[in-house]
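Convention: sequence-line order gives letters A, B, ...; per-chain numbering from 1.
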Amino acid sequence: MDGFTLVLWGARLLFLLLLYVFLARVIRALLRDLRAAAREPVDRPGRLVVLESPGGEPAVGRSFGLDVITPLGRDVNNAIVIDDPFASAEHAVLTYRGRSWYLEDLESTNGSYINGQPIDGVAALGYGDELQIGQVRFRLERTRA
Amino acid sequence: MLGPTGASPPLGPTTIHVALLLSVAFAVLAGAAGYWGVVRAPELARSPDDAAVIAASRTVPRGQILDRDGTVLASNEADENGELYRVYLSPTISQVIGYASRIYGRAGLERTFDAELTGLAGDPLTDAFAKFGAQRYDPKDLTLSLSHDLQQAAVSALGKRRGAVVMLDPRTGEVLALASTPTYNASRLANPATAAATFEALRDSPAQPLLPRATLGRYVPGSVFKIVTAIAGLGSGAITAETTYTEQPRAERTGLLVEGFRVRDGHHPETGSTALDLIGATEVSCNIWYSLTGLETGGAALVDYAGRMGFGAPLPFDLPTAISQVTNGSGTDPGGFVDDVELANASFGQAETFVTPLQMALVAATVANDGELMRPWLVTALSGAGGKRTIGPESMGRMLSATDARAINEAMVQAVEGPLGRRFTSGAKVSGVTTAGKSGTAELGGSGEPHSWFIGFAPADDPQVVIAVLVEQAGRGGEVAAPIAGRLMTRWLKGGE
Amino acid sequence: MTAQAGRAGTSPAPRSLPRVLGPIRPRARWQELRLLLLVALTLAIGSVSLGTALTGEVGLHDPWGLGIYLAALLGAHGAQVLAGRRTDQILLPAVAMLGGLSLLLMERLPQDLVIQRFFGTSFGLAEVQLIWLVGAITVAATLGIIVRSDSWLRRYKYTWAAVGVGLLLLTFVLGTEINGQRLTLQIGPISGQPSELLKVILVVFLAGYLSENRALLVEQDTRVGPLRLPPLPYLAPMVAMWAIALGIVVVQRDLGAALLFFGVFLALLYAATGRISLVLIGLVLFLLGSAAMANLFEHIRTRIDIWIDPFSDPLGAGYQVIQALHAFARGGLLGMGLGGGLPEIGGRPPIPEIHTDFPLAALGEELGIVGVVAILGIYLVIVQRGLRIGVAAADDYRSLLAIGLALVIGIQAFIIAAGNLKVLPLTGVTLPFISYGGSSLLANAVVVGLLLALSDKGVEPPPLPRPGSRWRRLTRRAAA
């Protein structure tokens with residue numbers, strides 16, 4: 001068999017092989033993504049852990065289970081009451097819409113922050129992100145670690 | 001609306017159902033691709049309708065076709081545009097080789113082996129890899145078991161009459177001659193310049209020259225079918241070679257009464273009041289004895305034994321064949337017979353019995369080869385750039401025991417060489433060689449002349465050639481077909497006339 | 001955001017600039033880059049295979065065409081990196097692979113199948129397809145970068161529906177008839193097949209309709225004998241869809257589009273409601289309608305007869321279908337190799353309309369069953385990706401939109417592949433991303449672009465549910 005035929009054969013078989021290599025890699029990526037998704041709990045999706053609270057209410061280390069809609073603020077009607085002079089009465093609301101988290105600032109005086117960045121109206125956040133209301137800092141975590 | 005805790009159920013499960021359904025649908029597609037690309041591929045890729053086959057036929061020289069002595073039967077010539085067309089050695093082989101015409105497609109071996117002759121398909125194993133080769137076409141030359149000499153002799157023996165001759169080697173199944181008359185000039189069909197006029201003339205001719213009578217003609221067999229009845233009777237154990245029937249001699253005069261119908265015999269007063277056995281009945285071609293044997297054997301066994309030899313289905317052959325039948329199967333009696341009258345008549349080849357000459361050659365070959373039937377075949381080798389592939393003989397199975405076969409063999413010898421038999425088969429004997437055979441005179445009803453049949457083989461103690469001769473509406477088997485058979489067998493066994 | 005502003009009771013504070021124009025924060029997309037490099041390598045090898053087979057000398061076939069295509073892919077990738085969105089990284093490479101196969105295929109078919117003149121220069125089949133491919137990639141990437149809000153689709157669903165019906169009517173009135181099908185609309189120099197765009201509009205409408213009425217379709221019942229149906233008024237859209245599908249058959253003589261639309265509708269209906277009964281009713285309706293159509297229209301009956309037994313007329317009516325099957329048969333398991341197939345016979349392609357209706361058969365001949373299965377696999381990957389984006393989307397509307405878009409690709413690919421393989425009667429829909437044709441490529445690019453945009457959850461939250469009883473009940477419960 002001469003070199004030309006060898007190249008022809010090689011290119012043809014290699015092309016088919018590469019199609020499958022591509023398919024295999026893509027499917028691997030899909031499966032990895034699906035496995036990651038399967039690990040995400042479906043109900044009671046998350047909790048807020050208090051990292052820093054100068055006023056002691058809420059207490060540092062306390063963990064709040066989160067509902068679909070969780071209002072935060074100084075007012076006692078909020079699900080998470082933040083007794084902090086820099087927090088507004090109805091400061092922000094944390095919502096779980098569909099399958100992801102959003103923090104919505106309710107026109108508070110001092111604003112809300114995600115990872116140190118002030119948010120503009122509504123912003124998405126993920127697990128592990130830190131949010132700050134007044135001087136109180138929380139971290140959003142999965143329900144089951 | 002608020003996801004998992006909202007009013008509606010989550011979308012996940014139903015979406016998974018949809019995804020599964022779609023996956024199944026795609027799996028069906030993959031299955032279909034496999035079906036067309038692998039399972040049906042051999043058949044489709046060699047079909048003459050295939051675009052690649054059509055395209056290749058214009059430019060790639062087709063393989064040659066050679067006879068058993070290396071004589072070139074089919075080759076190529078180029079027209080003024082450089083496009084190739086087929087040229088054939090002689091009209092005598094047209095019914096076997098057929099033609100490859102750019103306009104009228106293919107017929108005969110040119111059709112069956114189109115892909116091989118074109119070079120698109122060889123043997124399936126190397127095919128998968130050959131597709132990757134740079135050289136796409138590897139036209140194969142076909143070598144046939146056919147002898148052009150013998151074929152020519154057969155055609156000239158038939159002369160102007162319509163008929164067919166099949167000759168084969170019973171030990172291997174190799175077909176030596178497969179003649180049908182009238183013949184036609186396939187070269188004129190393949191040549192684009194003359195194709196149209198030739199084709200129209202051939203198509204409109206009442207003699208049906210395009211019909212390969214040896215393989216696609218169906219004829220009433222008459223007495224040659226008695227060999228099938230003998231095979232079924234002995235094979236199933238219903239009779240022995242010594243079986244006689246006491247009612248038979250009397251029935252010679254009055255006819256045999258079957259369910260109110262009288263089966264009458266041909267004229268053979270010499271046997272007088274003797275109750276005949278297999279040999280005697282075969283020698284004088286006694287219809288009564290064979291009717292009784294058929295009834296004794298039963299329709300189911302008769303059809304079953306015939307079926308083993310190829311009746312009831314196209315033959316496993318290199319050319320398309322018509323289906324031979326013992327009965328048309330419209331009845332409810334065992335085997336599909338309407339009643340015992342039909343069975344009794346079928347036992348000596350009248351009734352609804354139709355056969356091809358090739359099928360009758362196989363019946364004779366079964367007896368000749370001591371009960372084992374070899375598959376008939378024409379193409380013995382395919383050779384191309386990629387090497388030569390030979391095709392070997394193949395058994396269709398044992399039809400009956402060697403002892404039973406020899407008994408029938410003996411009876412057929414008596415039919416040719418016996419003092420009484422000789423009269424019915426004059427001229428069938430190959431001089432100096434024990435010859436076996438059976439003539440047939442197939443009554444067609446009405447006033448037309450009967451078909452003249454002969455099947456036989458020689459030498460009877462070591463059969464090397466089997467023959468079946470049919471001449472349409474030519475008269476008694478012993479007068480027309482038998483001498484042709486004798487001449488052709490002599491030619492094959494001794495060479496020359 | 002509107003809900004939030006209303007609730008606050010004060011006038012909204014001045015917003016900052018739209019984020020599109022905000023500071024650019026590039027985000028690397030390694031997975032996409034790796035996959036794209038694999039695509040580039042595969043296509044380069046394919047090009048060598050094609051070039052070697054066609055010219056008899058070892059070398060790339062049309063390096064410029066391949067270069068332009070790969071450059072477009074790289075550009076799309078770069079733009080997405082710069083935009084910094086967290087969008088899907090698998091869709092683009094998968095689509096790019098299919099587009100690349102399309103390019104290789106078009107390069108080996110007779111180039112004079114299509115001659116188009118742009119700016120005084122005439123382009124052949126592969127060149128025109130390359131232009132459309134680059135356009136499609138641009139459209140997909142652009143949509144994936146700039147679409148951050150779905151309100152323009154969500155809010156105006158009835159407007160979109162009207163646009164769709166309008167397009168249909170326009171095709172009926174002004175459309176040009178080709179081969180007994182009224183599919184092409186020509187306005188001035190621009191011609192296109194509206195049904196390609198129509199399928200996107202259909203999904204936009206259905207997603208809006210179903211997401212709003214899901215609860216009602218799922219929960220309430222009307223009993224008709226043993227059947228449990230949703231409230232009858234909610235069946236109206238179903239009947240309307242049925243009428244539209246049959247209308248397409250009547251007006252456009254387009255069996256494929258009708259099958260596609262109705263298939264997507266039923267699948268989406270099931271995904272949204274989980275009610276098998278609805279799907280069964282729909283199927284029965286469709287079968288009844290098809291039977292009636294087959295009785296009324298000669299061309300549909302012919303199609304079905306050909307499907308049942310193409311071999312009865314191998315050189316006439318069944319020719320196209322049979323030659324496709326022959327192409328698969330010639331390909332066998334491993335194929336004849338790129339460029340090894342039968343490009344033409346007597347100056348014409350072996351299968352009529354090979355570049356639009358039978359690209360799968362052509363690829364089957366050259367790449368074999370092994371290649372076809374890989375291609376089918378890539379389609380499934382795209383569909384799976386789309387469905388996954390749908391399931392993970394932030395709310396029902398986005399979910400159903402993504403699921404619907406994914407299904408459009410999947411079902412369309414199935415219909416035409418099945419037609420090529422004699423699993424279904426042959427219909428004239430295109431094989432997404434592979435068939436020749438601008439309308440098809442651009443419409444499917446819009447689908448991919450929207451899927452890309454939908455895969456980024458982190459940009460704009462879906463609107464809060466309308467202030468109403470449920471919202472108040474939920475807030476109260478949360479507050480308690």
Legend entry - C:I411 side, atom CD1; C:L266 side, atom CG - distance, nearest 0.5 Å: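 If I round to the nearest 0.5 Å, the distance is 8.5 Å.
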Which one of [options] has the most heavy-atom pairs closer than 4.5 Å to chain B?
{"options": "C:A413, C:A267, C:G410", "result": "C:G410"}
{"options": "C:L407, C:L380, C:V423", "result": "C:L380"}
{"options": "C:V373, C:N420, C:L325", "result": "C:L325"}
{"options": "C:I403, C:V383, C:T52, C:L376", "result": "C:L376"}

Flag the one option from [options] with the top tally of heavy-atom pairs under 4.5 Å to chain C.
{"options": "B:R40, B:H17, B:E43", "value": "B:H17"}
{"options": "B:G34, B:A33, B:A19", "value": "B:A33"}
{"options": "B:L21, B:L22, B:I16", "value": "B:L22"}

Inset, instruction - Over all heavy atoms of both residues, which pair between B:Y88 and B:E110 is shortest? Give the atoms and the distance, please. - result: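 Answer, listing the atom of B:Y88 first, then B:E110: OH-OE2, 2.6 Å.
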Legend entry - Side-chain (B:N76) to main-chain (B:P61) donor-acceptor, under 3.5 angstrom: no
Legend entry - Donor-acceptor pair, side chain of B:R218 and main chain of B:A322, under 3.5 angstrom: no
Inset, instruction - Could you tell me how the ring of B:Y99 sits relative to the ring of B:Y184: parallel (under 30°), tilted (30 to 60°) or perpendicular (over 60°)? - result: perpendicular
Legend entry - Part of C:Q323 within contact of chain B (heavy atom distance under 4.5 Å): side chain
Inset, instruction - Evaluate the criterion salt bridge (Lys or Arg N to Asp or Glu O under 4.0 Å) for residue pair B:D114 and B:R62; output intermediate values, then yes/no. - result: CA-CA 9 Å; B:D114 198 32; B:R62 286 173 82 80; 2.8 Å; yes
